[in-house]
Amino acid sequence: MIVEMRKGVTAEEIDVVKQRAKSLGLGVQLNLGTDKVVIAILGGNTGQIATDIFAVLPGVESVSRIMKPYKLASREFRSQDSIVSVGGVEVGGRKVVVMAGPCAVESEGQMIESARIVKEAGAVILRGGAYKPRTSPFAFQGLQKAGLELLAKVRDQFKMPVVTEVVDTHDVQLVSKYADILQVGARNMQNFTLLSEIGMKGCPVVLKRGFSATIAEWLTAADYLLAEGNHQVILCERGIRTFETTARFSLDITAIPVIKKSSHLPVIVDPSHAAGHFALVPAIARAAIAAGADGLLIEVHPNPKEALVDGLQSLSPSDFTRLMKELRQVAESVGRSI
Ligand code: PEP
Ligand code: MN
């Protein structure tokens with residue numbers, strides 16, 4: 001249930017609504033907008049409680065039910081776009097943010113070279129996986145703690161925030177010590193204990209869409225982060241599984257305007273995992289920006305032929321530099337910049 005308060009509402013009036021909700025065993029979350037206060041009433045049985053219970057209280061303008069399963073991620077809860085700030089970079093504003101780097105952290109030399117290439121081309125956040133959620137237990141699992149240390153070293157050298165995946169609840173503390181943004185991978189989108197743990201940490205998160213998740217399930221997963229008070233959530237569309245087999249996944253371009261309509265959270269696109277092949281990445285990346293994405297997460301490797309993970313879908317330095325030039329033009333044509 002969403003309670004919209006009147007303009008100029010007093011702190012006492014807000015408190016009365018909070019107390020009423022609490023007396024009914026319900027939770028509350030406040031959104032203190034610049035000119036409006038919105039209160040989300042949360043809890044299992046809100047469907048059985050009459051909206052009038054809140055509508056009659058002083059200072060209340062309107063009360064509406066959210067029939068959608070997600071609440072805190074919804075536009076109804078917060079009408080303005082949310083902006084996630086990380087190390088001086090804003091995700092969700094006018095600027096399109098490009099995050100780029102290799103799939104996996106392999107060595108210091110590879111990370112230094114990657115950072116140099118992507119920064120020079122205009123990327124503002126460096127990616128690199130230290131913990132890799134591999135489909136097979138026999139595949140390279142990442143350098144783990146040593147990978148985190150390398151990431152932090154390169155971050156400091158190049159003054160670029162880093163995004164890296166956390167795959168296990170037990171690693172949240174360690175990964176958040178090194179990374180600026182924690183990535184929740186597609187395979188973990190509904191790992192609710194992991195989401196709650198990251199929610200409690202409060203650090204910026206990239207929440208990838210599970211490849212068989214609906215948009216509603218994805219936004220409801222985002223609610224797990226938001227419910228813990230972590231508002232630094234960036235959604236990432238990375239392709240879903242369909243009957244089509246010519247690409248690794250099918251990028252759901254429709255998800256971008258749907259998210260913009262249904263949620264206040266910024267949404268970025270990972271064209272690399274959707275494509276599965278470097279030759280398909282540029283077209284998908286251009287389309288994502290044209291469709292309104294707030295950023296991109298792109299795999300780039302100094303030498304894709306030598307990559308330990310996802311070499312086929314990684315862009316070479318020259319391909320990435322060329323793509324960035326094209327992306328700037330697309331961004332400008334839709335009133336944004338890179
Ligand atoms: C990744 O970004 O390296 C990754 C494993 O992505 P996804 O979770 O989308 O498969
Ligand atoms: Mn990858």
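Counting convention: from 1, in listed order, for ligands and their atoms alike.
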Is [Y] paired with [X] through a side-chain N to carboxylate O contact shorter than 4.0 Å?
| X | Y | value |
| --- | --- | --- |
| Glu165 | Lys208 | no |
| Glu332 | Arg336 | no |
| Glu149 | Lys145 | yes |
| Glu237 | Arg209 | yes |
| Arg155 | Asp180 | yes |
| Asp81 | Lys260 | no |

Show your reasoning for whether side chain to side chain contact (heavy atoms under 4.5 Å, CB included) applies to Tyr131 and Val105. CA-CA 9 Å; Tyr131 293 84; Val105 177; over 6 Å; no
Residues Arg248, Gln313; criterion side chain to side chain donor-acceptor pair (under 3.5 Å); working and verdict: CA-CA 10 Å; Arg248 192 173 177 189; Gln313 70 195 31; 2.8 Å; yes
Residues lining ligand 1 [heavy-atom distance under 4.0 Å, listed by chain and residue number]: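 Shell around ligand 1 (4.0 Å, heavy atoms): Cys103, Arg127, Lys132, Glu165, Gln183, Gly185, Ala186, Arg187, Lys208, Arg238, His273, Glu299.
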May I ask you to list the protein N, O or S atoms found at less than 2.8 Å from the Mn ion (ligand 2)?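 Listed by chain and number, the nearby protein N, O or S atoms are Cys103 SG, His273 NE2, Glu299 OE2, Asp310 OD2.
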Please check this pair: side chain of Lys159 against backbone of Asp156, looking for a donor-acceptor N/O pair closer than 3.5 Å.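 It does hold such a pair.
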